[in-house]
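Everything numeric in this text was worked out from a predicted model, so none of it was measured.
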Amino acid sequence: VVDLNRAIDDCDGSTVTGGPATDRPRGVVWRLTSAGIPALRKRLSSEELLRRRTKFYQPYHDTLKAILERKRARFGFAVLLCAHSMPSPHRTTRTRSGLPARGARSYGVADLVPGSRGRTSAASEWIDLVQRIGEAHGLEVQHDTPYRGGFSTSHYGQPDKDWHAVQIELARRLYMNEENFQRKKEHFENTQRFADKLVSAMVAAARQQCESAPLSTPNHVRASSSPS
């Protein structure tokens with residue numbers, strides 16, 4: 001319907017009538033899939049695009065912004081984890097033993113890709129925490145390649161205002177067969193354990209930060225009260 005991880009005006013004239021003369025086939029509305037297959041039967045009218053924005057896109061981002069503001073007001077900061085899955089460019093690579101290979105060398109993409117727009121969307125402690133948990137779980141980690149973080153990461157990732165955002169891309173091959181889309185039960189459960197550990201670690205780190213500096217002045221308050 002709409003891609004919530006895109007800017008609201010990210011579209012082109014081939015997707016919506018009256019759109020800009022750019023080439024944005026995977027904007028707020030996708031007209032081509034990642035494989036280049038048409039996703040729309042026909043070009044959208046400007047009225048239909050507005051309807052989708054109003055009914056789906058804007059309420060989501062209004063709600064997300066309100067949650068982040070509420071968390072920052074209560075705790076002094078907020079952390080947004082933007083979770084995604086990613087396909088493997090080379091999906092059938094196997095080792096000499098016949099078992100599926102792992103990692104960027106075999107598949108063209110690592111097991112886990114934290115995206116932080118070049119470490120600008122969050123404080124280093126949050127970015128490094130994702131890497132530590134991933135590596136402790138046996139995952140190969142590669143930052144920002146091939147995904148640096150989408151709209152939500154860049155838009156809400158404002159560490160100078162105490163909003164931290166990190167996108168994570170988890171390789172689908174870790175928990176599913178990418179050829180027939182069947183779930184790998186044991187590997188799926190292992191992926192669930194990783195997700196649980198990551199969220200638990202981030203909660204623990206946030207709690208520790210609150211307890212260690214409960215009276216510190218948040219960055220966004222210091223900035224707003226600084227003399228011009």
Side-chain angles (χ1 to χ4, degrees), residues 1-72 78-89 91 109 112-117 121-122 130 144-158 163-184 188 191-192 194-195 198-199 202:
V1 179
V2 290
D3 189 334
L4 300 170
N5 198 30
R6 296 290 187 271
I8 194 170
D9 59 351
D10 188 352
C11 63
D12 63 16
S14 296
T15 304
V16 58
T17 302
T22 57
D23 186 26
R24 302 292 298 174
R26 302 174 188 90
V28 68
V29 173
W30 284 39
R31 60 178 170 83
L32 293 179
T33 68
S34 299
I37 300 173
L40 292 177
R41 292 182 177 178
K42 62 179 181 179
R43 186 165 50 174
L44 299 181
S45 66
S46 57
E47 292 80 12
E48 173 59 18
L49 178 61
L50 177 61
R51 184 190 73 83
R52 296 187 185 194
R53 287 171 171 173
T54 303
K55 186 172 183 178
F56 303 107
Y57 185 96
Q58 203 62 55
Y60 170 84
H61 282 285
D62 288 346
T63 301
L64 179 55
K65 181 180 179 182
I67 292 173
L68 292 173
E69 289 178 336
R70 186 167 66 247
K71 296 296 184 182
R72 184 178 63 181
V79 182
L80 175 64
L81 188 62
C82 307
H84 299 259
S85 68
M86 58 182 176
S88 303
R91 301 184 185 183
V109 66
L112 176 66
V113 176
S116 59
R117 312 292 295 182
S121 65
V130 174
D144 286 339
T145 303
Y147 302 102
R148 302 182 68 242
F151 170 76
S152 295
T153 305
S154 61
H155 182 71
Y156 296 109
Q158 304 178 51
W163 278 3
H164 306 271
V166 180
Q167 176 176 294
I168 61 167
E169 292 277 358
L170 195 63
R172 294 173 191 165
R173 65 177 180 270
L174 297 177
Y175 58 88
M176 65 178 284
N177 184 316
E178 294 185 81
E179 300 302 320
N180 60 22
F181 306 109
Q182 295 297 308
R183 186 172 70 178
K184 303 174 183 177
F188 186 86
T191 301
Q192 286 181 309
F194 160 72
L198 177 59
V199 173
M202 297 189 78

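Sorted by first and then second residue, the salt bridge (Lys or Arg N to Asp or Glu O under 4.0 Å) pairs involving residues 32-46 (not counting sequence neighbours) form an empty list.
A 4.5 Å side-chain heavy-atom check between V2 and Y60 finds every atom pair outside the cut-off. The closest side-chain heavy-atom distance from S85 to Y175 is below 4.5 Å. H84 places none of its side-chain heavy atoms less than 4.5 Å from the side chain of Y147. Here the side chains of R172 and F181 are not in contact, with every heavy-atom distance at 4.5 Å or above.
For the pair K184 (side chain) and R173 (backbone), a donor-acceptor distance under 3.5 Å is present. Of the possible donor and acceptor atoms, none in the side chain of Q58 sits under 3.5 Å from a partner among the backbone N and O of K55. Looking only at distances, no side-chain donor or acceptor of R24 sits under 3.5 Å from a matching main-chain atom of D10. Under the 3.5 Å distance criterion, the side-chain polar atoms of S121 are matched with a main-chain donor or acceptor of A165. Formation of a donor-acceptor pair under 3.5 Å by the E169 side chain with backbone atoms of G115 is not found in this model. Judged by distance alone, the side chain of N5 and the main-chain N or O of S152 form a donor-acceptor pair under 3.5 Å. Between the side chain of T54 and the backbone N or O of R51 there is no donor-acceptor pair closer than 3.5 Å.
Distance check, rounded to the nearest 0.5 Å: NE2 of H164 to CG of L81 gives 13.5 Å. Atom OG1 of T191 sits about 11.5 Å away from atom CE of M176, to the nearest 0.5 Å.
In this view, R52 and E48 satisfy the salt bridge (Lys or Arg N to Asp or Glu O under 4.0 Å) rule, not counting sequence neighbours. Listed by chain and number, the residues in a salt bridge (Lys or Arg N to Asp or Glu O under 4.0 Å) with D144 amount to none (sequence neighbours excluded). Contacts of R6 classified as salt bridge (Lys or Arg N to Asp or Glu O under 4.0 Å), with partners at least two apart in sequence or in another chain: D3. Among residues two or more places apart in sequence or in another chain, the salt bridge (Lys or Arg N to Asp or Glu O under 4.0 Å) test is passed with R53 by none. For D23, the side-chain contact (heavy atoms from CB on, under 4.5 Å) partners are D12, P25, R31, not counting sequence neighbours.
H61 and Y57 have tilted rings, their planes meeting at an angle from 30° to 60° on a 0 to 90° scale.
L112 pairs with exactly one of L174, I168, L198 by the side chain to side chain contact (heavy atoms under 4.5 Å, CB included) rule, that one being I168.
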